Every structure is written in C-alpha cells, then in structure tokens.
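To start, the structure under review is shown below, and the notes come after it.
Predicted model, so just to flag it, every value in this text is computed and none were measured.
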Amino acid sequence: MKRIHFEEIDSTNTYLKKEYQNLDNLTFVTADFQSSGHGRNTREWHANKGENILMSYLIKDRNIVEHFSYVSMFSAVLITKYLESKGLDNVSIKWPNDVYVNGKKIAGILLEGAYPNYLIVGIGLNLNQSKFENKELRHPATSLKLEKNNLDFNVKEEIEEIVSLFNDLWADFKGDWLMYDDFIKEHNYLLKKRIILIDGSRIIIGIVEDIDSQCSLLINIDKEIVKIDSGEIVEIL
Ligand code: BTN
C-alpha cells in the first residue's frame, strides 16, 4: 500500500482525482492541512492545521468501484470501530456516511469517483480540535479529545492505527460484502427517528426502520416501507 503525506494541500480528495492515473489501487493520502477541504453537497470542510485526521484512499479495482455504497458503509464501519477501540461507547453511523458520538458529528466521509475508473474515499475525523466555529455546520460537532476528557492525541500515531485497522478489515471485506450488516444495523444512528430526507427533487418524511443489506435506508412513510438509495438527511424531527 502506498502512502503519501502533505503538510498542506488543497484537498486530499482533489489530489487523488488529479493523479489517479499515476497512482496504485489503495494509495492513501494524508495532510496536516487542506486549503480547500470539501464535504458533501458542495459544503466546505474546515479543520485546524495539524489537529485532525484528513485522509483519502484510492480504489481502482473495478469490482469494488462498482460497489460504492458498500465502500461508503465500510469506511463508516472502519471509523466507528477505531473510535470504539479508543474506548468510546456511544458511536453510531448516520446514514449514508457520517459518524456520530453522543449525538454529535465526529467524522464525515465523502465519496467521489467515475465508474469504472476510480473511487476516492475521503475521511475527515476530528481528533484534537475543540472549537468548531464554522457557521455552515448545521449539526453540533465533537472530537475525540472532547469525548475523552480533553486528552490530546498524536495525529500521526492515530493515522497509523486507522491504516492498520483498515488493512485488517479490508482483507475480510473484499470477500464478503455482507459481513458488517449486523454491525451497521446495531450502529444505526437514525433508527426509529423521524427524518426529512431530500433526494434530488424528492422530499421524503418518515420514520427510519432499518438499513438493508444493500446499504439502503428503509423508511416508514405512512405505514409503507420505502427503500432509499441516496439522499441527504436535512432534519431529524
Ligand atoms: C462530509 O461530512 O460532508 C464529508 C467530509 C469529508 C472531508 C474529508 S477531509 C479529507 C478529504 N478531503 C476533502 O476535501 N474532503 C475529505
């Protein structure tokens, strides 16, 4: 597995997008700071220099690029398991790919790609940051430090832990897309919550019943279960 680190870059996702043709499958890129970090739906992703984990990995294996929703859930499982290994016990996955601790967002995942050529998974995980002033943040944020009584973490060491966990999990995951099914169901932040979801021009209001084995959200809308493959949760009622 190839690793590239930048002190500063526009965005680790953008770097991989520009360079994917010259890079190997499973290249990992990390940075201390991003000048144009971005999140889903054209939002910006701000992270203080050297305080957080900013990483992206590249997938060029066509069979895996095709299964991007599994890759997205896999990445959320990876971060959830990492945080649980740090002793946090109220970690959950907010479909489609945020990680929450005690009801606050600690990590966001952004998938970008062009089938069949490549898929980029960008992960922003708040480690030592303790103030979040960005007005674009619609949900309260937290960090590992805030959840661990102000304990400071060594960013480089934590990246090594995540990459090593990635290697362990990835080896299994490739063979069995369904192996984290139960884990995902048990860590479903939205379970039984009433939500508003926007998918293109569709607005959906209903109660979340489950995440199925295709990583779709199952929503109860007036007693009918509707399967949702993509969209943005805009409100939890
Ligand atoms: C979101 O919650 O909207 C997703 C945030 C993803 C942020 C990460 S940080 C590393 C990578 N580079 C980027 O520009 N974005 C992702």
Side-chain angles (χ1 to χ4, degrees), residues 11-14 17 34 36-47 54 56 65-80 90-115 118-126 132-142 177 180-181 183-237:
S11 146
T12 52
N13 267 37
T14 306
K17 224 184 288 174
Q34 296 184 134
S36 297
H38 51 276
R40 289 192 303 279
N41 296 309
T42 68
R43 282 193 289 270
E44 293 175 0
W45 184 263
H46 295 281
L54 304 166
S56 303
V65 174
E66 194 178 359
H67 291 97
F68 64 90
S69 49
Y70 293 107
V71 176
S72 161
M73 275 291 161
F74 169 85
S75 305
V77 168
L78 167 71
I79 297 305
T80 303
N90 198 1
V91 191
S92 53
I93 297 170
K94 179 168 169 254
W95 184 95
N97 39 21
D98 286 337
V99 180
Y100 270 51
V101 178
N102 293 321
K104 294 178 184 162
K105 179 164 169 169
I106 195 165
I109 297 165
L110 172 68
L111 267 76
E112 297 183 277
Y115 179 77
Y118 69 92
L119 181 64
I120 293 161
V121 183
I123 301 173
L125 168 62
N126 303 328
F132 299 92
E133 284 162 11
N134 177 13
K135 292 192 190 67
E136 277 192 47
L137 283 179
R138 294 170 310 142
H139 309 289
T142 191
W177 298 103
Y180 298 118
D181 233 30
F183 186 88
I184 291 165
K185 285 176 193 290
E186 284 158 16
H187 289 79
N188 181 1
Y189 175 72
L190 297 173
L191 187 67
K192 296 290 173 200
K193 291 193 166 88
R194 196 172 161 77
I195 55 149
I196 304 179
L197 178 143
I198 295 188
D199 181 21
S201 56
R202 261 199 321 175
I203 299 179
I204 290 157
I205 302 177
I207 295 170
V208 173
E209 295 295 343
D210 208 352
I211 295 174
D212 73 5
S213 51
Q214 276 107 43
C215 301
S216 301
L217 199 63
L218 301 183
I219 305 184
N220 183 335
I221 306 172
D222 297 331
K223 301 205 172 91
E224 195 191 325
I225 301 294
V226 178
K227 181 180 157 96
I228 304 291
D229 301 325
S230 61
E232 164 94 354
I233 311 288
V234 290
E235 195 87 55
I236 299 174
L237 302 167

Do the side chain of [X] and the main chain of [Y] share a donor and acceptor less than 3.5 angstrom apart?
{"X": "Trp95", "Y": "Asp210", "answer": "no"}
{"X": "Asn126", "Y": "Thr142", "answer": "yes"}
{"X": "Lys193", "Y": "Leu237", "answer": "no"}
{"X": "Tyr70", "Y": "Ser213", "answer": "yes"}
{"X": "Arg40", "Y": "Leu111", "answer": "no"}
{"X": "Glu66", "Y": "Tyr115", "answer": "no"}

Next item on the list: Evaluate whether atom CD1 of Ile236 has more than 12 neighbouring non-hydrogen atoms of other residues, nucleotides or ligands under 6.0 angstrom away.
Entry: yes

Margin query: Can you give me the closest heavy-atom contact between Ile109 and Ser75, atom names plus distance?
Written below: CD1-C, 3.7 Å

Notebook entry, point to check: Hey, does Val71 have a side-chain heavy atom less than 4.5 Å from the side chain of Val121?
Noted result: yes

Notebook entry, point to check: Quick one: does Ile221's side chain get under 4.5 Å of Ile205's, heavy atoms only?
Noted result: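 Result no, sub-4.5 Å side-chain heavy-atom pair not found.
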
Next item on the list: Starting at CG of Asn13, measure out to CG of Leu110 and round the result to the nearest 0.5 Å.
Entry: 5.0 Å

Check: If we ignore angles and hydrogens, is there a donor and acceptor under 3.5 Å between the side chains of Asn97 and Ser72?
Finding: yes

Next item on the list: Can you tell me which residue pairs pass the salt bridge (Lys or Arg N to Asp or Glu O under 4.0 Å) test with a partner in residues 215-229, sequence neighbours excluded?
Entry: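 Every salt bridge (Lys or Arg N to Asp or Glu O under 4.0 Å) pair that includes a residue of residues 215-229, provided the two are not neighbours, is Asp212-Lys227.
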
